[in-house]
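In listed order, ligands and their atoms are each counted from 1.
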Amino acid sequence: MTKKILILPGDGIGQEVTKSAVEVLNFVTEKFNLAFSITSLEVGGTAYDKCGSPIPDEVLKSAKEADAVLFGAVGGPKWDQLEWDDRPENALLTLRKELNLFANLRPAFLFDELSGASPLKESVIKGLDILIVRELTGGIYFGEPRGVIDDVKPNYAFNTMIYNEDEITRIAKVAFESAQKRKGKLCSVEKANVLEVSKFWRSIVTEMSADYPDVELSHQLADNTAMQLVLNPNQFDVIVASNLFGDILSDIAATLTGSIGMLPSASLDSSFKGMYEPCHGSAPDIAGKNIANPIAMIASLSMALRYSLNAEAISDKIDAAIKKFVQNGYRTIDIATDDNFLNTSEVSKKIINIIENE
Ligand code: IPM
Ligand code: MG
């Protein structure tokens, strides 16, 4: 059956990097005779400006029908003063929740050639290859009750960090299975020394480990993991964490590579439909200049082909082309060491060229 792809470029550099990735998508679709139906719609601040909602009904409807959503980035100072419902970020959280995208895979890896871009010493960072599995539709992001109470003194605000056993089991399953396909190590991260919800999380993950004798399970407290990621990041293979801890730790891990413009992510439901986004944001400061690095978006497209679109062989080709791109010394402004760098639209042309000539 024809697989459906929805393209949501969003705001800022989301527009440019998505355009680049779509060029690669169109190229592989034609070259390898793939049958995709591709639709593109506006989302985020751009959609709000046009029709008064960051996530118009049509976007939600098309996203629910799609096998894979390619999401650029949303947000910008222009929309910062809006109420939450109208803010571009609401589009992201609504899509995650409405599409049941509970499993967020955030790889952080370092090409040897880019070791110098990392803020850490080469001896510490060399060979970095971590996968963070972040729970994405539960925890404190969505927990009820939540609110602001402003009719008593002092006023207060509160959120609820809550997980039920099914939510923990399904994300841990993804993490154990990912570890089985990698180096067989899983570190589960929480704050079991303080929080009931974390103690509960730890007990469920521990119980499940009996079913995965080939995976070496460890537990860490989130503050320690933040420190360990910087001190000795190569101790990690797969990390599994709740929505909030995964949010924080994945930013640290991405920063270690020195090039957040290179890192993709996948958010999957239980049947492997998914939304794919670069780890970076909309970068309003460089938007419209054609200098953003589109590799993270192109790598996100590759993840979409692998997980949701049944085209693993094509995904391998794109990943190999990205590797070759870096090995051949091509750079974008974020990872360049001199003035010699390609602009956004030149990158997709190079990647296409590498795939064509392999
Ligand atoms: C992320 C972002 C989002 C999050 C924001 C933009 C709502 O930081 O995808 O990591 O907190 O999940
Ligand atoms: Mg984040």
Problem set entry | Glu65 with Lys61: basic N within carboxylate O range, under 4.0 Å | yes
Worksheet item: If you measure from the Lys or Arg side-chain nitrogens to the Asp or Glu carboxylate oxygens, is any gap between Lys78 and Asp11 under 4.0 Å?
Response: no
So that I can tick it off, tell me whether Asp67 and Lys4 are bridged by a salt bridge, with the cut-off set at under 4.0 angstrom between side-chain N and carboxylate O.
no
Angle between ring planes, Phe111 versus Phe109, binned at 30° and 60°: parallel, tilted or perpendicular? perpendicular
Using 30° and 60° as the class limits, which term best fits the ring planes of Tyr307 and Tyr276: parallel, tilted or perpendicular? parallel
Fill in: Salt bridge present between Arg146 and Glu144 (N-O < 4.0 angstrom)
no
OG of Ser242 to OH of Tyr163, rounded to nearest 0.5 Å, is 4.5 Å
Count of protein N, O or S atoms below 2.8 Å from the Mg ion (ligand 2) equals 1
* Asked: Does a side-chain N-to-carboxylate-O contact under 4.0 Å join Glu312 and Arg306?
  -> yes
Interatomic distance, OG@Ser40 vs CG@Leu6, rounded to 0.5 Å, equals 7.5 Å
Residues with a heavy atom under 4.0 Å from ligand 1, by chain and number, are Glu89, Leu93, Arg96, Arg106, Arg134, Tyr141, Asp247
